[in-house]
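Just so we're clear, the structure is a prediction, and the values are computed from it rather than from any experiment. Protein chains get the first letters and strands the later ones, always in sequence-line order, with residue 1 at the start of each. Basis for what follows: all heavy atoms, side chains included, without hydrogens, waters or symmetry-related copies.
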2 protein chains.
Amino acid sequence: MTKPRSRRGGGRPTIADVASKAGVGAITVSRALREPGRVSEDLRRQIQAAVDELGYVPDPNARALASARAEVFGVLVPSLTNNVFAEVVRGIYDSLSNSPFRIQIGNTHYSGLEEERLLQVFGSQRPAALIVAGIDQTPSARRLLENAGCPVVQVMETGPDPVDMMVGFSHFDGGRTATEHLLEAGYRKIGFIGARMDPRSQRRLAGYRAAMEAAGLFDARLITTTPVPSSVTLGRELFRDALAKMPTLDGVFCNNDDIALGVLFECHRASIDVPKQIGIVGFNDLDMMQVSFPSITSVRTHRYEIGTRAVALALAAIAGNRPEQRIADLGFELVRRESTAR
Amino acid sequence: MTKPRSRRGGGRPTIADVASKAGVGAITVSRALREPGRVSEDLRRQIQAAVDELGYVPDPNARALASARAEVFGVLVPSLTNNVFAEVVRGIYDSLSNSPFRIQIGNTHYSGLEEERLLQVFGSQRPAALIVAGIDQTPSARRLLENAGCPVVQVMETGPDPVDMMVGFSHFDGGRTATEHLLEAGYRKIGFIGARMDPRSQRRLAGYRAAMEAAGLFDARLITTTPVPSSVTLGRELFRDALAKMPTLDGVFCNNDDIALGVLFECHRASIDVPKQIGIVGFNDLDMMQVSFPSITSVRTHRYEIGTRAVALALAAIAGNRPEQRIADLGFELVRRESTAR
DNA sequence: GCCCTATATGGTAGCGCTACCATTTGTCTG
DNA sequence: CAGACAAATGGTAGCGCTACCATATAGGGC
């Protein structure tokens, strides 16, 4: 009744082909591939030979269907072009490149609704683990994560109430540290310039505010923000706005390095001396911060490591040994450079 | 014999649940979801109601297994952090966000072998389409693409011999145009500075060389390259090397904008006047080129559009109307700015 | 009125793999 | 040396879905 070879499959070898070639049952081939320890040395060799000869590659879809578990890591980030998330994603890829796991990335465009929709889609695949950026999921997204039935790692920042596990650092502390550094360097009229203003930016702003209030120097007019996505061009424009509003400005904590670079360029153009007239601090410490002229002080964050650590935690949880510490705070470092050395 | 509800599936509703709730056959539900036109208005409504009520989401793995075709676009890029590819990938994501297709990205790390390996892995999933960066696949990678049994789009550059379809532009022409612009502006000792030197960089270099030779000004000592990945820091270092080697240098065509920015910063630091003493041209025209001081002339490339166009071509091919023109040349534009205006 | 065709729906049989249980064999106890 | 038990292997029955074919009904031409 059955046709000689699958009528739909396009003729690629299946596990049954390998089994008959090796003279064993299909299930033994399956085991030899997934849990080699449970198959005798002899058969393992025969099976491997048959696999090599036929060029057999297991079908991940059939595997996922039969085992009710796909070998997929779902990753949700708000942006694909923002270097910060690109680095995290790169860390994830590098950590999984020698594993059987595939990666599925979703771009939420900083939208909670889009995040919910993608979690729904991802959930339908029964992923092996989920890695999501941020800790500000909508209630319904949070429920989806809790019921995902797989390890979940929230990355980029730390907070008090993880869905499952967390890898990141405190953006509030980062913002405060950057501002305190400007204060210690003697700057007084320190502005905050930020674009996009996602939850992490908001917390950096809160850190800035805490430092300024502690010094008795806070003034709401020092803050210049926009919901528009960040760019170097925008940094320049926002700085001009800030100066127009507050001509006595003598320092700026920039929400990120793109903004900081825009500020630096505008200072060049307007012949404002950095660091004498204006001190600049960026955030993330991209490569260019150390080369710019003058070089720019920035808060270095460990983005690649956030990706690798998130994968390590997820893999441990999959293997059954969930780590003791569910929250990994990777911290940050203030890197002092010429832009604040007066 | 059968347990009341799937023992493995975790209790999520299946197509059979929807079918019995709507009082129709499972196959009709399947059709209503995939080809609504073939199901009567009445049933379609009943089925939709059942789907909504149960919160049914089709299992993509079962679907892929049964139809021997996964709703997945495989995307192969050499880097995840390089802004150029990130933009292409963003274009792909945005174009597919309202389609049933998922996206699977592979990072080849600029390695042909890794590309082969990933094509093997991707192939095992029977993707709906493949989008790969570059036109320099190894022979065996090319064979995998030809036998993929799905539309294939090579992106980033154009060439004479597409596997299937192509979207990009001529890097040779880009390099030549940039160099000719420097020549027209009166620069004579024009250097080429490049990092990574992947095939596209090589072709830009070839374009530079063609222009220099045509002007009778070519000199191998004007070329400074390294296989090291590109960065702003590296741009600065390479420029110093170039100057040490050839102190009379009066212009540079930089393989990309990161390098160009590094060159600009070094000029600031060494008090070299741009554009009077040195003219600078970058490649790709990142946002920051227009804001830097002085602003930097660059070759604008249409990266996001490459992504969207590649998806459009692939979707057309999937729908059965393969475009007449298999090669889409999106061109580039030289954007003249202060760094070459003397 | 008959046959032909088009449209709408359903039943059956897998897709390629693994969970579950059964069977076989070898080894160790007392 | 019987009985117990672990290790190695296999058979069967699905996982949730769709391709393929069959069936039913409604119209259209002569």
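A/E41 has its CD atom 16 Å from the C1' atom of D/dT9, to the nearest Å. Between B/Y56 atom OH and D/dG16 atom C1' there is a gap of 7 Å when expressed in whole angstrom units. In this entry the distance linking CG of B/N61 with P of C/dC17 reads 13 Å, nearest Å. Protein atom CD1 of A/I15 is 14 Å distant from nucleotide atom P of C/dC15, rounded to whole Å. Nucleotide C/dA8 holds its P atom 12 Å from the CD atom of B/E35, rounded to whole Å. B/E71 places its CD atom 21 Å from the P atom of C/dC15, with the value rounded to the nearest Å. Between the CG atom of B/D59 and the P atom of D/dC17 there is a distance of 6 Å, rounded to whole Å. Distance B/R63 CZ to C/dC15 C1': 15 Å, rounded to the nearest Å.
Residue B/R31 is in base contact, counting any heavy-atom pair closer than 4.0 Å across all strands shown.
For A/I27, taking side-chain heavy atoms from C-beta onward, the closest of the listed nucleotides C/dA8, C/dG16, D/dG11 is D/dG11. For A/V39, counting side-chain heavy atoms from C-beta on, the closest listed nucleotide (C/dG16, D/dA19, D/dT9) is D/dT9.
Between B/S67 and D/dA19, a side-chain N or O to OP1/OP2 separation shorter than 4.0 Å is absent. In this model, the phosphate group of C/dT18 is approached by a side-chain N or O of A/S30 to a distance below 4.0 Å at OP1 or OP2. Not one side-chain nitrogen or oxygen of A/R38 sits closer than 4.0 Å to the OP1 or OP2 atom of D/dA7. Phosphate contact (OP1/OP2 of D/dT9, side-chain N/O of A/T28, threshold under 4.0 Å): absent.
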Point to revise | Full working for salt bridge (Lys or Arg N to Asp or Glu O under 4.0 Å) between A/R143 and A/E146 | key: CA-CA 5 Å; A/R143 212 169 311 117; A/E146 281 161 353; over 6 Å; no
Exercise for review: Any chance you could lay out the side chain to side chain contact (heavy atoms under 4.5 Å, CB included) test for B/V88 and B/Y304, step after step, and finish with the verdict?
Suggested key: CA-CA 5 Å; B/V88 174; B/Y304 184 83; over 6 Å; no
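With 3.5 Å as the limit, one finds a donor-acceptor pair spanning the side chains of B/Q48 and B/D52. B/T138 and B/R142 form no side-chain donor-acceptor contact under 3.5 Å, judged by distance and modelled atom types alone.
Between A/R102 and A/E71 no salt bridge is recorded (no basic side-chain N to carboxylate O distance below 4.0 Å).
Donor-acceptor pairing under 3.5 Å, judged by distance alone, is absent between the side chain of A/R12 and the base of C/dG16.
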